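First the structure, in the form of structure tokens, and then the observations on it.
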There are 2 protein chains.
Amino acid sequence: MTQQVKIDRGAGISLWRQIAEWLKAEIASGTYAKDARVPTEAEIAARFDVNRHTVRRAIAALTNDGILRADQGRGTYVASTPLAYPISRRTRFSEIVSAQDKTPTGKMTAAAEEEADALIATQLGVNIGTPLWRIGTLRVVDGFPVLVSTSWLEKARFGNLPEIYDASNSFTECMKQAGVTDYTRKSTKVTAELIEPSDAIQLGLGEGQPVLVVESVNVGPDGQPVQYTRSRMAADRIQLVIENDG
Amino acid sequence: MTQQVKIDRGAGISLWRQIAEWLKAEIASGTYAKDARVPTEAEIAARFDVNRHTVRRAIAALTNDGILRADQGRGTYVASTPLAYPISRRTRFSEIVSAQDKTPTGKMTAAAEEEADALIATQLGVNIGTPLWRIGTLRVVDGFPVLVSTSWLEKARFGNLPEIYDASNSFTECMKQAGVTDYTRKSTKVTAELIEPSDAIQLGLGEGQPVLVVESVNVGPDGQPVQYTRSRMAADRIQLVIENDG
DNA sequence: GTTATTCGTCTATACAAATAGACAATTACC
DNA sequence: GGTAATTGTCTATTTGTATAGACGAATAAC
């Protein structure tokens, strides 16, 4: 569905930025697929009644971000498209990415012991002060970082979690070795926030950028919480899809 | 959780706009409740290493939007907080709003007959060309518009839908009178888009603003789709919460 | 080879945003 | 009443954004 949109002057977002966002939205909505040719600079300028230079500034920014590729004399093309990220009861990053013919990679970025504060204790159904593992991970798609997460799991139950995760890059494996044969998502909360500096560095985003923040609780087969996760997603590289499993 | 954030210079979003977004995020995350006092202009200016005037510009924008209230000599206070909007199998706007001690109102904004195109036919499980009702609604919380929706339902099944909805302001009532004793949400897709001009007018948002777009399918007791809805939510007035039931 | 199209580069001007400084007005506290 | 804190208002300057025009370079079509 093509976005029919006018730009907002005076709202504190530069025109070039708004046009860049429009182009990204068009790509995300499927109007322009990977390798498709987007409208010319002159067409976009006419569409929004702006100067061609303003359009060039927008295209330059997206080219720098790896989203567009401009070929002199030929036009401007889509270099990459965002990942559709389903949030269902059973969400497995690698499967999602591979199913979209993209290449998933990732790594553990941090591992530490931590005592449960009030929020996390509530989410995990444990006492305040319970020893936890706090695991930081980074997910990469086709070479571009898309998602950073922080997960909290009980240390008593997942004793050598960092070593297992480091070797396997998989929470499913960690769960299995701790005797949790299956786990599913119990609840999810979506908000938008401005990116934190350490996340900005990992995601390769500029400071002050908005990210989708997804907080979720995973439960084991017995319905007890086993993992609380807070993920920060690069909103222009990921599109959230929620499916209510019967 | 306080947002620890620096602002991004050169990314095409003015500093005042970024500070306004930060303040909104702080309010949305609960750092500052309704009627709480936010940091002073001087504190914010120091925090972000900007001029006080830049902070004043941000506060002025939020004051204009009804989010903040500045009192000379005393400080700046939160005038309103966003609505937490749960997306579960059974989502009823009035109940959600009233449960948060806010006042829900709303109205039908449009009603028309329309033939099902390929997308909607797929979503509703009907043939292309099937006669449908297309119903536009606007939802208001404490006097501020938060959500516009467009719903599609089969005309053959919901023959006098516009009249019933106009009188009752309730899809639940329309469903009941059509013999659908209960309906639940089957699937939900969340994306972010730039607001369309007609929606901007109804939501009182500036053009070029991002909105959360939620597409959902409601099914009757027999599991068959009865309603396809596309909602556009003012992202700074609504916070999405997803709960996986059962 | 010529023409048309599209992106790339350069110079110049006007307006918005950001900064700086100062002082006024209001509120709160002692 | 005096002082401190905080928002409100005014003037001024610099930087960033947007616009305008022109021409060059590369590609595509005939």
Side-chain angles (χ1 to χ4, degrees), chain A residues 5-23 26 32 35-79 206-209, chain B residues 5-23 26 32 35-79 206-209:
Chain A
V5 62
K6 289 183 188 169
I7 47 181
D8 192 8
R9 297 172 190 245
I13 306 188
S14 62
L15 301 185
W16 71 261
R17 178 62 186 254
Q18 290 179 62
I19 287 166
E21 295 296 331
W22 172 75
L23 280 165
E26 290 288 276
Y32 303 111
D35 294 321
R37 185 166 173 280
V38 301
T40 65
E41 297 172 356
E43 284 168 342
I44 297 173
R47 181 193 186 108
F48 293 112
D49 192 26
V50 299
N51 190 274
R52 199 188 122 220
H53 287 289
T54 308
V55 177
R56 292 186 54 76
R57 178 69 178 84
I59 289 172
L62 295 186
T63 299
N64 185 58
D65 289 347
I67 295 171
L68 293 180
R69 184 189 72 250
D71 292 341
Q72 181 169 345
R74 302 181 62 237
T76 305
Y77 299 82
V78 177
E207 302 189 350
Q209 293 282 301
Chain B
V5 62
K6 290 183 187 168
I7 46 180
D8 192 6
R9 295 173 189 246
I13 306 188
S14 62
L15 301 186
W16 71 260
R17 178 62 187 252
Q18 289 178 63
I19 287 166
E21 295 298 329
W22 172 76
L23 280 166
E26 289 288 277
Y32 302 111
D35 295 320
R37 186 166 173 278
V38 302
T40 64
E41 296 172 356
E43 284 169 341
I44 296 173
R47 180 193 187 107
F48 293 112
D49 191 27
V50 298
N51 189 275
R52 200 186 119 222
H53 287 288
T54 307
V55 177
R56 292 187 54 74
R57 178 69 178 85
I59 290 173
L62 294 185
T63 300
N64 186 57
D65 288 347
I67 295 170
L68 293 180
R69 184 189 70 251
D71 293 340
Q72 181 169 342
R74 302 180 60 235
T76 305
Y77 299 82
V78 177
E207 301 189 350
Q209 293 281 301

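In this text, all values refer to a predicted model and were calculated from it rather than measured experimentally. Throughout, protein chains are lettered first and strands after them, A, B, ... in sequence-line order, and every chain is numbered starting at 1.
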- prompt: Could you give the start and end, 5' to 3', of the contact zone on DNA chain D for chain B, using atoms under 4.0 Å from its heavy atoms?
  reply: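 In short, chain B contacts DNA chain D from D:dT6 to D:dC10.
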query: What is the distance from atom CD of A:E21 to atom CG of A:L62, rounded to the nearest 0.5 Å?
result: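 CG of A:L62 is found 8.0 Å from CD of A:E21.
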task: With side-chain contact (heavy atoms from CB on, under 4.5 Å) as the test, would you mind laying out the steps for B:F48 and B:I19 before giving the verdict?
output: CA-CA 8 Å; B:F48 293 112; B:I19 287 166; 3.9 Å; yes
Is a donor on one side and an acceptor on the other found under 3.5 Å between the side chain of [X] and the backbone of [Y]?
| X | Y | result |
| --- | --- | --- |
| B:D65 | B:I67 | no |
| A:E26 | A:Y32 | no |
| B:R17 | A:S14 | no |

Smallest separation among heavy atoms of [X] and [Y], with atom names:
| X | Y | result |
| --- | --- | --- |
| B:R37 | B:R74 | NE-O, 2.8 Å |
| B:D49 | B:R9 | O-NH2, 3.1 Å |
| B:A58 | B:A20 | CB-N, 3.7 Å |
| B:W16 | A:G10 | CZ2-O, 3.8 Å |

task: For DNA chain D, determine which residues of residues 68-79 of chain A have any heavy atom closer than 4.0 angstrom to one of its atoms, and list them numerically.
output: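 Those residues are A:Q72, A:G73, A:R74.
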task: Could you tell me which residues satisfy side chain to side chain contact (heavy atoms under 4.5 Å, CB included) with A:Q72, sequence neighbours excluded, listed by chain and number?
output: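 If we apply the side chain to side chain contact (heavy atoms under 4.5 Å, CB included) test to A:Q72, skipping adjacent residues, there are no hits.
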message: List the residues meeting side chain to side chain contact (heavy atoms under 4.5 Å, CB included) with A:R69, not counting sequence neighbours, and say none if there are none.
response: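 Partners of A:R69 by the side chain to side chain contact (heavy atoms under 4.5 Å, CB included) criterion, ordered by chain and then number, come out as A:D35, A:D71, A:Y77, A:A79.
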- prompt: Which residue, B:D49 or A:H53, contacts DNA chain C at a nucleotide closer to its 5' end, judged by nearest heavy atom?
  reply: A:H53
field: Pair B:E43 + B:R47: basic N to acidic O under 4.0 Å
entry: no
field: Nucleotide interval of DNA chain C bounded by contacts with chain B (heavy-atom cut-off, under 4.0 Å)
entry: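 Here the contact window of chain B covers C:dA17 to C:dA28.
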- prompt: Under 4.0 angstrom, heavy atoms only, what part of the nucleic acid is A:R57 near: base, sugar-phosphate, or nothing?
  reply: nothing
- prompt: So which one's nearest nucleotide on DNA chain D is more toward 5', A:S14 or A:R52?
  reply: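 Looking at the nearest nucleotide for each, A:S14 comes out on the 5' side.
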- prompt: Do B:I44 and B:L23 have side chains that get closer than 4.5 Å, going by heavy atoms?
  reply: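 They are in side-chain contact.
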- prompt: Under a 4.0 Å heavy-atom cut-off, which of residues 36-43 of chain A touch DNA chain C?
  reply: A:R37, A:T40, A:E41
